[in-house]
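The structure under discussion appears below in the form of structure tokens.
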Number of protein chains: 2
Amino acid sequence: MVQERNKGAEKRERILQSAIKVFARKGFYNTRVSEIARTAGVADGTIYLYFKNKDDILISLFNDRIGKLNDEMERQLAALDSPSEKVKRIVSIQLGLLRGHKDLAEVITINLRQSNRFLKQYAAPGFNRYLDIIAAVIQEGQQSGDFRQDVSPRVAACSLFGALDGLSLTWVLGTRDADRLARAGQQVSHIFIEGLRAPETTGT
Amino acid sequence: MVQERNKGAEKRERILQSAIKVFARKGFYNTRVSEIARTAGVADGTIYLYFKNKDDILISLFNDRIGKLNDEMERQLAALDSPSEKVKRIVSIQLGLLRGHKDLAEVITINLRQSNRFLKQYAAPGFNRYLDIIAAVIQEGQQSGDFRQDVSPRVAACSLFGALDGLSLTWVLGTRDADRLARAGQQVSHIFIEGLRAPETTGT
DNA sequence: GCCGACTGAATCGGTGTTCATTTACAGCGC
DNA sequence: GCGCTGTAAATGAACACCGATTCAGTCGGC
């Protein structure tokens with residue numbers, strides 16, 4: 001019974017893993033269900049015991065993984081104090097995805113944007129939570145006096161996310177040199193931390 | 001003869017316009033060629049007199065429009081002197097796309113990323129030129145002493161592009177309030193200009 | 001009446017999904 | 001142990017649909 005449930009979960013996971021791998025290489029619409037099945041070592045029909053349809057694979061994939069990423073992000077940020085350190089950590093986690101989970105990062109960076117409707121309907125909640133986590137860090141920095149107040153935390157969050165996404169995109173399309181990516185991360189952290197820093201209240 | 005060529009170009013343009021409109025609403029893969037044809041007021045077959053196939057529509061679309069955007073960007077930047085002003089202009093042009101060419105901006109922001117292969121093969125040249133233009137501005141700022149030297153112009157360019165892309169994405173998915181977008185633009189300019197500013201060489 | 005542009009219904013290949021059948025296996029009586 | 005059996009999981013060939021593309025025919029200007 002319990003073992004069966006485990007086995008079921010394990011198979012579902014194997015299908016998701018395979019989907020990530022194939023989507024990353026071919027893109028969602030150029031991937032056939034039969035190829036995911038083959039990669040996962042199951043029959044075509046088996047996919048439909050675990051997912052409602054092909055769309056559901058992408059949606060489950062995203063929700064599952066972005067949820068874990070958000071949890072991990074919150075956990076790590078909670079252990080840090082300074083807003084600047086937190087910004088650095090956000091940068092390293094988002095770019096770190098490309099190291100540790102290259103295929104997943106590619107799917108999120110490239111293939112997730114399929115259509116307006118898809119994004120709005122399915123990806124928005126997880127994406128918004130991600131942005132909220134970043135925005136909370138910015139706001140915290142503003143309250144502590146580290147960051148300037150005349151920037152909307154939400155705008156800063158979208159920008160930071162976007163900047164990292166842009167770097168990921170060009171990295172995926174280009175050299176894929178890990179060191180280079182790490183250096184880029186430091187520079188982006190720098191730009192944002194300096195760009196957000198509250199002006200020194202000299203005199204008056 | 002000439003008129004025919006004009007008429008031909010005009011029809012091609014009408015098809016592109018229609019494609020932009022429909023792609024923006026439904027996404028590339030959920031758009032059927034017959035719908036582009038209907039929107040353009042031509043027969044299905046006519047599309048194939050002007051484009052090799054459906055992919056070719058998206059590719060032509062992107063190359064044509066990104067080319068014009070790059071040209072316009074270069075033209076406007078050439079008329080400005082200070083690197084900070086140039087950064088502000090880059091921001092306002094990229095976000096301005098959403099005002100003036102909402103559908104096009106949506107297609108570029110959301111639907112262009114279809115697959116790794118597609119991006120690498122067809123979109124990369126135009127995209128790289130865009131990044132090069134931004135990177136040149138950063139580099140110029142570094143040479144004039146306005147911007148710090150320890151940030152790679154390319155990294156800064158990817159980040160700035162990405163930040164604006166991220167804002168566009170959330171704006172498209174969310175409120176779509178023009179004023180809010182304009183304010184966001186000012187804030188991003190601010191973050192990047194301050195974040196890139198060379199430290200004052202106090203003393204020593 | 002010739003030529004090129006245009007039309008749009010028919011074609012045809014491809015693929016997501018289904019479902020009749022098979023397999024795996026746990027429980028059970030002997 | 002050992003067959004028996006009921007059930008759930010898995011299979012994969014067949015189906016049904018769909019939409020990109022084609023092309024034989026029409027149109028319109030010269």
Side-chain angles (χ1 to χ4, degrees), chain A residues 1-62 107 111 114-115 117-118 121-122, chain B residues 1-62 107 111 114-115 117-118 121-122:
Chain A
M1 212 40 61
V2 172
Q3 198 186 357
E4 266 171 27
R5 199 176 300 149
N6 281 347
K7 250 178 69 183
E10 188 234 320
K11 190 160 288 190
R12 188 189 147 95
E13 180 58 27
R14 214 167 68 223
I15 294 171
L16 282 183
Q17 288 283 8
S18 305
I20 292 174
K21 201 182 298 181
V22 187
F23 287 163
R25 208 172 58 243
K26 305 207 164 189
F28 180 73
Y29 284 102
N30 292 314
T31 293
R32 40 242 85 240
V33 173
S34 62
E35 193 166 356
I36 298 174
R38 190 161 48 71
T39 307
V42 301
D44 294 10
T46 306
I47 303 265
Y48 291 87
L49 299 175
Y50 295 89
F51 301 93
K52 196 153 53 68
N53 51 38
K54 190 184 172 190
D55 281 5
D56 189 38
I57 301 175
L58 185 60
I59 295 165
S60 304
L61 182 49
F62 177 71
V107 172
N111 292 298
Q114 292 300 344
S115 76
R117 222 192 84 258
F118 180 87
Q121 197 156 2
Y122 301 109
Chain B
M1 215 34 66
V2 173
Q3 197 186 357
E4 266 171 27
R5 199 175 301 151
N6 282 347
K7 250 177 68 183
E10 188 233 321
K11 189 160 288 189
R12 188 189 146 94
E13 180 58 27
R14 214 166 68 223
I15 294 171
L16 282 183
Q17 289 282 8
S18 305
I20 293 174
K21 201 182 298 180
V22 187
F23 287 162
R25 208 172 58 243
K26 305 205 161 190
F28 180 73
Y29 285 101
N30 292 313
T31 293
R32 53 233 80 223
V33 173
S34 63
E35 191 165 359
I36 298 174
R38 190 160 48 71
T39 307
V42 300
D44 295 8
T46 306
I47 302 268
Y48 292 87
L49 299 175
Y50 293 90
F51 300 93
K52 195 153 55 70
N53 51 38
K54 191 184 170 189
D55 282 6
D56 189 38
I57 301 175
L58 185 59
I59 295 164
S60 303
L61 181 50
F62 177 72
V107 172
N111 293 298
Q114 293 299 345
S115 76
R117 223 193 82 259
F118 180 88
Q121 196 155 5
Y122 300 109

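Sequence lines set the chain letters: A, B, ... in the order given, protein chains first and strands last, and positions in each chain run from 1.
Counting only heavy atoms from C-beta on, A:Tyr50 has its side chain closest to D:dA9 among C:dT17, D:dA9, D:dA20.
Between A:Leu58 and A:Val107 the shortest side-chain heavy-atom distance falls below 4.5 Å. Looking at heavy atoms from C-beta onward, B:Val42 lies in side-chain contact with B:Arg14 at the 4.5 angstrom threshold. Within the 4.5 Å cutoff, the side chain of A:Leu16 has no heavy atoms near those of the A:Tyr50 side chain. In this structure, A:Ile36 and A:Phe23 have side chains that are in contact, with non-hydrogen atoms separated by less than 4.5 Å.
Between A:Lys11 and D:dA10 there is a side-chain N or O to OP1 or OP2 distance below 4.0 Å. Contact check, A:Tyr48 against C:dC19: no side-chain N or O comes under 4.0 Å of OP1 or OP2.
The distance between atom CZ of B:Phe51 and atom P of D:dT22, rounded to the nearest whole Å, is 15 Å. Atom P of nucleotide D:dG19 and atom CG of B:Asn30 are separated by 9 Å, given to the nearest angstrom. Put simply, CG on B:Leu49 is 13 Å from P on D:dT21, counting in whole angstrom units. Across the protein-nucleic acid pair, B:Asp56 atom CG and D:dT21 atom C1' stand 14 Å apart, rounded to whole Å. Taking atom NZ of residue B:Lys54 and atom P of nucleotide D:dG19, one finds them 9 Å apart after rounding to whole Å. Rounding to whole angstrom units, OH of residue B:Tyr29 and P of C:dG14 are separated by 16 Å. Between B:Ile57 atom CD1 and D:dT21 atom C1' there is a gap of 12 Å when expressed in whole angstrom units. Separating the CD1 atom of A:Ile15 from the P atom of D:dA9 is a distance of 13 Å, rounded to the nearest angstrom.
Checking side-chain atoms of A:Lys54 against main-chain N and O of A:Phe28 turns up a donor-acceptor pair under 3.5 Å.
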Short heteroatom pairs, N/O only, protein and nucleotides 12-18 of chain D, under 3.5 Å:
residue, atom, partner, partner atom, Å
D:dG12, N7, A:Gly45, N, 3.2

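A:Arg117 is linked by a salt bridge (charged side-chain N to carboxylate O under 4.0 Å, His left out) to nothing, counting only residues two or more places apart in sequence or in another chain.
The environment of CZ in B:Phe51 is crowded: more than 12 heavy-atom neighbours from other residues, nucleotides or ligands sit within 6.0 Å.
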